[in-house]
J.: 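Next up is a structure, given as structure tokens.
Just so you know, ligand 1 is whichever comes first in the structure, and atom 1 is the first atom listed for that ligand.
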Amino acid sequence: MSGRTVDLSDVEVVDNHVHGFRIDDVLAQDPEDFETRLNLLGTLFSDSTLTSEAGRADPSLWQQVRRMTETTVFSLAARRLLAERLGCEATAEAVANARAEAIRADPVAYIHGLCEDARVAGLLVDDGFPLPRVPSEEFRQTVGGTPVHRVARIETMIVDVRDGAEDLASLEERFEAELERAAGDPTTVAFKSIIAYRTGLDVAQVDRAEAAPAYLRWRADRWKETREHAKPVRDYLLHRAADAARRHDRVMHVHTGDGDPDIVLSRARPHDLVPFLKEHLAQPIVLIHSGFPWIDVAGYIASSLPHVYLDLSVMIPWASLGIEQMLTVLLGTAPAGKLLYSSDEASEPEVIWIAARLGRRALERALADAVERDFVTAPQAEGLGRAILSENSRRLHGIEG
Ligand SMILES: [Zn+2]
């Protein structure tokens with residue numbers, strides 16, 4: 001026993017939102033920049049993870065990103081945790097060297113060791129990044145057998161089918177076939193949309209008569225992401241995806257809030273998605289990143305719509321010092337049965353482990369605070385902690401465990 005009011009150290013974690021990786025790509029990275037690639041700025045701006053044009057256009061930005069690592073609280077905490085794990089001095093250089101040596105010796109054993117140590121018992125993998133997608137079975141082997149569940153991104157499907165579709169009817173038919181194919185994959189637990197990166201979360205009700213001419217204009221426009229041409233089509237298809245999710249008893253994940261510089265931040269607020277959520281009231285929908293930084297709004301939405309869930313990635317792990325406070329806000333607002341632990345690892349495998357360490361600790365403290373302030377008993381707090389770390393995601397996605 002730890003002597004702590006709430007002890008979740010033995011509780012398994014199901015990580016609700018991560019991205020796949022390939023061992024060769026991980027090993028090909030510059031060891032010197034390892035620490036920077038772990039933090040949020042580094043994740044958004046490193047060559048390997050960058051989806052943004054902004055960073056590619058000016059390589060000097062990376063130098064600024066590197067300089068900031070030394071004053072990033074998350075990075076200083078990660079350095080100490082990793083030094084302890086690797087048995088080395090807690091300096092950037094010693095950690096980078098010890099880590100390079102450890103992962104090169106036996107990459108799969110090293111990564112599996114991290115998952116085991118953090119009791120990671122499942123990974124829900126957004127297959128839209130990186131591309132080409134990392135198949136579930138391949139990634140399961142990369143992480144040494146940790147169970148992997150596929151989250152099939154619809155924007156990738158749209159890119160795959162749109163060139164071959166001469167009109168909306170043909171696009172719709174091909175898109176539906178892709179959705180059916182993804183649903184036929186037994187590892188698929190959810191469909192995912194990043195429409196916030198394309199035309200914004202303010203998804204409208206669009207009928208065929210409006211979407212059909214918009215599709216022809218979008219095509220003629222060479223697929224530019226305009227509100228005039230692209231948006232009606234993307235909105236129309238998102239509704240079709242929600243219908244397919246309902247038919248196949250799959251969950252929908254929708255990116256909300258923060259993102260790399262390509263995000264349409266002015267239309268990425270969880271508020272914007274509310275009309276869409278109301279159109280699909282009976283469909284379980286997870287707001288990925290809880291609309292971070294608008295988490296209070298996401299908390300309110302989840303408290304007012306029965307099937308809206310909140311994914312805790314980004315705030316976990318990168319809000320570091322602030323994770324506890326944000327968890328307190330969400331715990332106080334929405335049912336804990338709607339909160340899903342996750343990390344949004346999108347750069348280095350260690351992010352999965354660091355997030356589990358920091359997230360579990362912050363959750364213990366937030367729940368202990370709820371006990372001390374006489375809102376819940378210690379056994380109740382522990383039950384809520386278990387739900388958030390793994391049980392909620394398992395139940396929602398139909399994952400055995
Ligand atoms: Zn992500």
J.: Within a reach of under 6.0 Å around CD of Glu138, are more than 12 heavy atoms found that belong to other residues, nucleotides or ligands?
T.: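 Atom CD in Glu138 is crowded, with more than 12 foreign heavy atoms closer than 6.0 Å.
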J.: So, are Arg85 and Glu350 salt-bridged, with charged N and O less than 4.0 Å apart?
T.: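 Here Arg85 does not pair with Glu350 in a salt bridge, since their nearest N and O are not under 4.0 Å apart.
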J.: Under a 4.0 Å N-O cut-off, is there an ion pair linking Asp272 with Arg269?
T.: yes
J.: Tell me how many protein N, O or S atoms are within a distance shorter than 2.8 Å of the Zn ion (ligand 1).
T.: 3
J.: Taking Glu228 first and then Arg217, would you say they form a salt bridge - that is, a charged N and a carboxylate O separated by under 4.0 Å?
T.: no
J.: Run the salt-bridge test on Arg386 and Glu391 with the 4.0 Å N-O cut-off and return the result as yes or no.
T.: no
J.: Are Arg162 and Glu155 close enough for a salt bridge, meaning some N to O gap below 4.0 Å?
T.: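 Judged by the 4.0 Å cut-off on N to carboxylate O distance, Arg162 and Glu155 do not form a salt bridge.
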